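Here's the structure we're looking at; comments come further down.
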Amino acid sequence: MQNLYKYLIAATILQFTAFKTIAQERFELNSDLIWSEILNDYETFYQRDRLLRVAGVFSLGAVVANSRLDPKIQTWHQDNIKSSFSDNISSVAKLFGEKTLMVPISLAATAMQLSSTKNAFGHWGQLTFRSYLVGAPAVGTLQLLTGGSRPRDHYQDAHWRPFNDDNGVSGHAFMGAVPFLVLSKMEHLSPMQQNLALFASGLSAWSRVNDDAHYFSQALLGWFMAWEAVDAVNSNGLNGNWMQVSPYTFGDGIGVSVAVNW
């Protein structure tokens, strides 16, 4: 019950100002179109350019996971950042990554639009749920393909061992990032509100590192998959696209380019 109160307080603080700003907007969802929208989301998500981008970022993640970087980052955080204060923040941030909380909330919000209730919360809910639908199968598949283990597991490393485990991509990071990334891309938000939502999108991922539940690369890849899922839905029903991440080659090497639009 105490965790539930923390969750409600955090949700109110982080989302109230954003919803208040767009509360006057009127959105209406035609239930006959929602499944075609979901199919469009999948088509957009699995486009060639996106798959290449995902491959490029996961290649970098593989370097971090299969070297000593992940354990070193984990040790540094546990020795220098982790404290009772960080644990308190993490206990709240972790709740936003709980599928048993966030999926029902997004579904309830979606139902508001399906019943013709016109409000910003309903619009946010259906976009969040669509992002979960398009991204969750990919996250689950990549968790198995990478086969990474947790810091607390007996391997004591983040090395990828395909199909040996299912923690190579953080599900909490993915679930917790989606709602706030959706907010950060919605129109009529002030820059401060967008930045606040973007910052909040990474809290669940950070909480997993703080709690020694995931390595840095695993948390980051979970957040990145949330970004890609929301970006796919963004192309079909949101406004604005302030950042693009793309792989590129130079000489005999490969890298990642980041383009930011203001």
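The structure displayed is predicted, hence computed values, not measured ones.
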Which heavy atom in Gln218 sits nearest to a heavy atom in Ser149, and how many Å separate them?
NE2-O, 2.9 Å
Considering all heavy atoms, the nearest Met225-Val139 contact:
CB-CG2, 3.8 Å
Got a second to check how far Ile105's CD1 is from Glu98's CD, nearest 0.5 Å?
11.0 Å
Arg48, CZ atom: more than 12 neighbouring heavy atoms under 6.0 Å
no
With a 4.5 Å limit on heavy-atom distance, are the side chains of Ser207 and Phe96 in contact?
no
Joint hydrophobic cluster, Trp206 plus Met102, side-chain heavy atoms closer than 4.5 Å:
no
Do side-chain atoms of Thr110 reach the backbone of Gln126 as a donor and acceptor pair under 3.5 angstrom?
yes
Nearest heavy-atom contact between Ser204 and His172 is CB-O, 3.7 Å
Closest heavy-atom pair, Asn210 versus Gln78, reported as atoms and distance to 0.1 Å, is O-NE2, 3.4 Å
Would you say Val182 ends up clustered with Phe224 if hydrophobic residues are merged whenever their side chains have heavy atoms under 4.5 Å apart, either directly or through other cluster members?
yes
Can you confirm whether Leu221 sits close enough to Tyr215 that some side-chain heavy atom of one is under 4.5 Å from a side-chain heavy atom of the other?
no
Do Val63 and Val169 belong together in a cluster built from hydrophobic side chains that touch within less than 4.5 Å?
no
All heavy atoms of Ala232 vs all of Thr44, minimum pair found to be O-CG2, 3.7 Å
Look up atom CG in Asp157 and atom CZ in Arg68, then write down how far apart they are to the nearest 0.5 Å.
7.5 Å
Would you call the rings of Trp160 and Phe58 parallel, tilted or perpendicular if under 30° counts as parallel and over 60° as perpendicular?
tilted
For Phe199, I'd like to know if atom CZ has over 12 heavy atoms of other residues, nucleotides or ligands within 6.0 Å.
no
To the nearest 0.5 Å, tell me how far Ser184 OG sits from Gln193 CD.
12.0 Å
Heavy-atom check, side chain of Tyr132 versus side chain of Pro179, under 4.5 Å
yes
For atom CZ of Phe85, is the number of surrounding heavy atoms from other residues, nucleotides or ligands below 6.0 Å larger than 12?
no
Presence of salt bridge, Arg50 and Asp231, under 4.0 angstrom:
yes
What is the distance from atom CG of Asn66 to atom OG of Ser217, rounded to the nearest 0.5 Å?
8.5 Å
Kindly compute the distance separating CG (Leu51) from CD (Glu228), expressed to the nearest 0.5 Å.
9.0 Å
For Phe174 and Ser131, the nearest pair of non-hydrogen atoms, with its separation, is CZ-O, 4.0 Å
Backbone of Ala213 reached by a side-chain donor or acceptor of Asp211 within 3.5 Å:
no
Is there a side-chain contact between Ile38 and Val134, using heavy atoms and a 4.5 Å cut-off?
no
Are Phe180 and Leu198 connected in a single hydrophobic cluster, I mean Ile/Leu/Val/Met/Phe/Trp/Tyr linked by side-chain heavy atoms less than 4.5 Å apart?
yes
Hey, does Met186 have a side-chain heavy atom less than 4.5 Å from the side chain of Gln194?
no
Under 4.5 Å between side-chain heavy atoms, hopping through other hydrophobics if needed: is there a path connecting Trp76 to Leu220?
no
Side-chain heavy-atom pair Phe216, Lys72 within 4.5 angstrom cut-off:
no
Please tell me if the side chains of Val103 and Met175 come closer than 4.5 Å, counting only heavy atoms from C-beta onward.
yes
Please report the interatomic distance NZ(Lys94) to CG(Leu101), rounded to the nearest 0.5 Å.
9.5 Å
Do Phe45 and Pro137 come within less than 4.5 Å of each other through their side chains, counting heavy atoms only?
no
